[in-house]
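Here, residue 1 is the first one in the sequence, and each next residue gets the next number.
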Amino acid sequence: MSVLSLATGTLLVALTWLVLDVLLPLRRNINVAKASGLKYVVVPWYGYNRLTTLLLSRTVLRFFNALLPAPGPTSWRRLISSNWPWKVHYAPFEVLGSDTFLTVAPGGMILNTADANVINQITSRGGDFPKPTHLYKSVDIYGKNVVSSEGLVWKRHRKLVAPSFSECNNHLVWKETLEQTQEMLKGWDSKSIVRRVGNDTKILSLNVISKAGLGRKMKWPSEVEDGVSKLGEGHRMSFSYSLHYLLTNVFYVMVLPKWILKLAPFSKWRKAYKAYYEWAAYMDEIFAEKEAEVGSSQSTSSTVDIIGQLVKGQEENASQPILSPPELLGNLFVLIFAGHETSASSIHFSLLLLAMHPDIQRTVQDSLAEILSSRLGDPSLWNYEHDLPKMLNSMLGAVLNEELRLIPPTITVPKMVNPASFAQTLVVDEREVQIPGGTMIRLCIPSVHQNPKFWPRSSVSNGDHSNKTSNGKASQEAQREDLASFRPDRWIASPSSPSSPGSTESLYTPPKGSYIPFSDGQRACLGRRFAQVEILACLAVILSQYSVELCPSIAPGEIEGEGETEGRRIAAVDDAWRVLRTDLTLVITVQLKGKGIPLRFVRREKCSGS
Ligand code: HEM
């Protein structure tokens with residue numbers, strides 16, 4: 001065969017592929033999008049095809065990005081990446097003039113929404129809009145679980161797992177967090193600057209979930225740092241180190257077959273396998289201990305932690321246990337996985353935002369002083385039933401709500417139109433729209449959290465705390481800026497009430513579907529209360545004893561005149577915003593990469609400026 005005929009043949013095959021696999025499916029999908037009446041943007045490949053996305057993002061996308069100016073909010077180069085809601089928030093919806101739009105590719109369509117009403121329909125009709133479980137396979141490293149299953153299987157998992165999140169367990173979370181935070185502070189007290197606050201909050205969160213979830217006390221922080229002391233009999237790694245190492249390197253365990261990890265030439269991979277294996281071995285022992293404890297104990301203390309409640313649930317169904325051993329382990333792993341980084345990052349970013357807003361921090365501290373009064377300095381006297389509800393409804397609760405609005409750890413909640421159905425009807429802008437079975441859906445959390453239709457402007461920027469704005473461009477710009485800013489006062493429902501500084505206020509309730517850091521509906525986060533208790537308790541201990549400050553990069557004396565301190569502070573705030581804008585990236589949850597932002601924790605009586 002000549003070279004020419006070979007080239008012609010190859011060209012014909014390529015053209016046939018282009019027509020049959022790309023152009024015709026794209027035309028068909030565009031027609032479906034048109035028929036729906038929704039706005040749509042054509043993109044060259046389907047974002048939920050992971051292999052195609054991985055290959056083409058690193059080649060085609062990089063090529064175009066290097067060649068062309070920065071993409072606008074509705075450019076295909078922007079919308080092709082799955083984390084665009086984090087990068088451009090509400091902007092694509094604003095430009096398209098619609099809170100729901102489709103991205104259309106040859107491989108399929110994705111419905112993107114920042115409309116609270118649409119989100120509400122989707123999360124409340126679980127059967128019509130199930131979770132696309134194929135996206136969650138990677139979390140099944142030990143076995144199927146409540147996060148990665150759907151339908152009847154999910155119901156079986158949820159039936160056993162949900163009762164573990166009891167008020168008794170929340171008590172334990174409260175108590176353990178108060179203790180662990182004080183231990184963490186001992187380490188911070190001796191440092192003039194804490195450089196990696198996020199690392200420490202991760203250890204704190206892991207220690208809390210280890211106790212409240214697995215009944216295992218982890219001491220701050222030496223147990224995690226030291227991999228070999230405290231070895232259990234017959235083990236080659238300590239319990240806490242194996243868990244810590246597994247979570248830090250979980251990516252490899254999720255994507256690579258276990259035999260490759262075990263035999264890999266890289267020590268990091270082999271160690272990840274060892275941690276994976278060792279943690280499971282420890283958990284077998286813990287299960288056995290717990291079974292004996294639950295079986296012999298009349299008291300409820302053995303079932304306060306999550307594992308105790310799970311074992312009890314299984315024993316109550318002894319004739320036909322609800323979950324198999326791999327499923328039990330799978331659930332415990334996934335609870336730790338889902339719960340530790342999310343809470344840790346909320347604590348970290350709340351501290352950072354408070355350091356950037358000392359006025360808000362002082363309001364929080366005043367509010368804590370009002371709630372705790374003479375007990376402020378002694379967390380051992382704090383009371384879960386009495387103090388936590390007040391904290392939740394105070395300026396501290398508002399800070400947490402606002403932090404989760406602005407930097408939600410999870411960026412999108414994926415759903416799909418039930419593939420077994422021909423289509424499902426959604427009411428979009430008061431019009432019925434048919435979405436074909438199998439269409440993927442993206443609930444865009446940062447976008448709906450900054451959708452001006454659902455959020456009142458804060459009293460700081462508005463004065464009257466209403467969401468009525470005049471029509472001008474300047475007003476729209478102010479609203480956009482307001483929603484992109486950290487303004488916890490937007491949550492204080494009645495700022496004019498006499499009970500300043502807000503400790504007994506009830507907080508603003510956003511319209512259903514507009515505030516979804518924990519998702520919503522039957523698949524909403526099981527650990528919501530767990531996380532709230534942990535985050536509030538930790539922040540309360542820190543802020544009752546310390547003030548958190550940024551570390552100005554401008555040296556004293558560089559700015560002349562009376563306003564030097566304020567000038568250095570403002571420059572530090574600008575630096576911090578710049579780092580937040582550029583270095584916040586998505587690594588499973590939203591994380592601060594690079595050097596991070598160092599913080600200073602100053603004992604309250606020594607605070608600068610207070
Ligand atoms: C600030 C902290 C947290 C945030 C923002 C958060 C957020 C979320 C979100 C958005 C979902 C839905 C995910 C999806 O459908 O793809 C979810 C589900 C879940 N979360 Fe959380 N979470 C937090 C803390 C926790 C904690 C502490 C635990 C456990 C200790 C936990 C356990 C779970 C579980 C088990 C599910 C799956 C529920 C189901 O599908 O039935 N989460 N979480």
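Residues meeting the salt bridge (charged side-chain N to carboxylate O under 4.0 Å, His left out) test with Arg58, sequence neighbours left out: none. Applying the ring-ring contact (aromatic ring centres under 6.0 Å, His included) rule to Phe333 yields the partners Tyr142, Phe337; only residues at least two apart in sequence or on another chain are considered. Remark: Lys512 pairs with Asp520 by the salt bridge (charged side-chain N to carboxylate O under 4.0 Å, His left out) rule, at least two apart or across chains. Under the ring-ring contact (aromatic ring centres under 6.0 Å, His included) criterion, Phe486 pairs with His357, not counting sequence neighbours. The ring-ring contact (aromatic ring centres under 6.0 Å, His included) test applied to Tyr252 returns Trp269, not counting sequence neighbours. Listed by chain and number, the residues in a salt bridge (charged side-chain N to carboxylate O under 4.0 Å, His left out) with Arg569 are Glu566 (sequence neighbours excluded). Under the rule for a ring-ring contact (aromatic ring centres under 6.0 Å, His included), Trp154 has no partner lying at least two apart in sequence or in another chain. Take Lys202 and apply the salt bridge (charged side-chain N to carboxylate O under 4.0 Å, His left out) test, not counting sequence neighbours, and it matches no residue.
A salt bridge does not link Arg529 to Glu534: none of the charged side-chain nitrogens sits closer than 4.0 Å to a carboxylate oxygen.
Judged by distance alone, the side chains of His157 and Asn331 do bring a donor and an acceptor atom under 3.5 Å apart. When only modelled atom types and interatomic distance are considered, Asp140 and Ser148 share a side-chain donor-acceptor pair under 3.5 Å.
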> Under the side chain to side chain contact (heavy atoms under 4.5 Å, CB included) criterion, do Val413 and Lys415 qualify, and how do the steps go?
Replying inline: CA-CA 7 Å; Val413 175; Lys415 302 276 181 191; 3.8 Å; yes

>> Test side chain to side chain contact (heavy atoms under 4.5 Å, CB included) on Ser149 and Tyr136; report intermediate values, then the result.
In response: CA-CA 8 Å; Ser149 50; Tyr136 293 79; over 6 Å; no

>> Pair Glu150, Lys144 - check salt bridge (Lys or Arg N to Asp or Glu O under 4.0 Å), show working.
In response: CA-CA 10 Å; Glu150 245 305 334; Lys144 266 266 159 258; over 6 Å; no

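Figure legend: Lys34 and Tyr40 shown without cation-pi pairing, the cationic atom not lying both under 6.0 angstrom from the six-membered ring centre and within 45 degrees of its axis.
Distance CH2/Trp577 to OG1/Thr582: 12.5 Å, rounded to 0.5 Å. Here the CD1-OG distance, from Ile119 to Ser447, works out to 8.5 Å after rounding to the nearest 0.5 Å.
In this structure, Thr59 and Leu55 approach most closely via the heavy-atom pair OG1-O, 2.8 Å. Cys538 and Ile347 get closest at one heavy-atom pair: SG-CG2, 3.7 Å. Of all heavy-atom pairs spanning Val147 and Lys131, the tightest one is O-NZ, 2.8 Å. Listed here is the closest heavy atom pair of Val548 and Leu351: CG1-O, 3.8 Å. Heavy atoms only, all atoms of each residue included: Val433 and Ser36 are closest at CG1-O, 3.7 Å. The minimum heavy-atom distance between Gly513 and Val448, with the atom names listed, is O-CG2, 3.8 Å.
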Please tabulate, for side-chain N and O atoms in residues 402-412, each donor-acceptor pair with protein atoms closer than 3.5 Å (sequence neighbours left out).
from	atom 1	to	atom 2	distance (Å)
Glu402	OE1	Arg405	NE	2.9
Glu402	OE1	Arg490	NE	3.2
Glu402	OE1	Trp491	NE1	2.9
Glu402	OE2	Arg405	NH2	2.9
Glu402	OE2	Arg487	N	2.8
Glu402	OE2	Arg490	NE	3.0
Glu402	OE2	Arg490	NH2	3.3
Glu403	OE1	Ser346	OG	3.3
Arg405	NH1	His449	O	3.0
Arg405	NH1	Leu483	O	2.9
Arg405	NH2	Leu483	O	2.9
Arg405	NH2	Ser485	O	3.1

Only pairs under 3.5 Å count here: list side-chain donor-acceptor contacts from residues 104-118, not counting sequence neighbours, and write none if there are none.
from	atom 1	to	atom 2	distance (Å)
Asn112	OD1	Arg442	NH1	3.0
Asn112	ND2	Phe101	O	3.4
Asn112	ND2	Thr103	OG1	3.3
Asn112	ND2	Ile110	O	3.4
Thr113	OG1	Asp99	O	3.4
Thr113	OG1	Thr100	OG1	3.0
Thr113	OG1	Asp115	N	3.1
Asp115	OD1	Asn117	N	2.8

If you look only at distance, which donor and acceptor atoms sit under 3.5 Å apart when one is on a side chain in residues 416-426 and the other is two or more places apart or in another chain?
from	atom 1	to	atom 2	distance (Å)
Asn418	OD1	Ala420	N	2.9
Asn418	ND2	Gly127	O	3.0
Ser421	OG	Asn418	O	2.7
Ser421	OG	Gln424	NE2	3.3
Gln424	OE1	Arg125	NH2	3.3
Thr425	OG1	Gln434	NE2	2.8

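Ile30 is listed as a side-chain neighbour of Val42, based on a closest heavy-atom distance under 4.5 Å. Within the 4.5 Å cutoff, the side chain of Pro92 has heavy atoms near those of the Val88 side chain. No side-chain heavy atom of Leu507 sits less than 4.5 Å from a side-chain heavy atom of Thr509. Within the 4.5 Å cutoff, no side-chain heavy atoms of Pro510 are placed close to those of Phe454. Annotation: side chain of Leu335 is not in contact with side chain of Phe530 (no heavy-atom distance under 4.5 Å). Residues Gln591 and Glu341 are in side-chain contact: their nearest non-hydrogen atoms beyond the backbone lie under 4.5 Å apart. For the pair Thr439 and Val32, the minimum side-chain heavy-atom distance is 4.5 Å or more. For the pair Leu580/Met356, a side-chain contact is recorded, criterion being any heavy-atom separation below 4.5 Å from C-beta on.
Using a 30° and 60° split on the angle between ring planes, Tyr90 and Phe93 fall in the parallel class, below 30°.
Although no hydrogens or angles enter the test, the distance criterion places a donor-acceptor pair under 3.5 Å between the side chain of Ser343 and the main chain of Gly339. Side-chain atoms of Glu549 never come within 3.5 Å of backbone atoms of Leu599 as a donor-acceptor pair (strictly under, hydrogens ignored). Without hydrogens or angle criteria, Lys39 side chain to Leu96 main chain gives a donor-acceptor distance under 3.5 Å. Between the side chain of Trp455 and the backbone N or O of Asp482, no donor-acceptor pair lies under 3.5 Å. Between the side chain of Asn451 and the main chain of Lys453, a donor-acceptor pair closer than 3.5 Å is present. In this structure, Gln361 contributes its side chain and Leu354 its backbone to a donor-acceptor pair below 3.5 Å.
Checked options Val364, Ile360, Thr363; the residue passing with Pro488 is Ile360 (criterion: side-chain contact (heavy atoms from CB on, under 4.5 Å)).
Environment of CG in Leu68: crowded, with over 12 heavy atoms of neighbouring residues, nucleotides or ligands closer than 6.0 Å.
Applying the side-chain hydrogen bond (donor to acceptor under 3.5 Å, both in side chains) test to every pair with at least one member in residues 69-78, sequence neighbours left out, gives these pairs: Asn65-Arg77.
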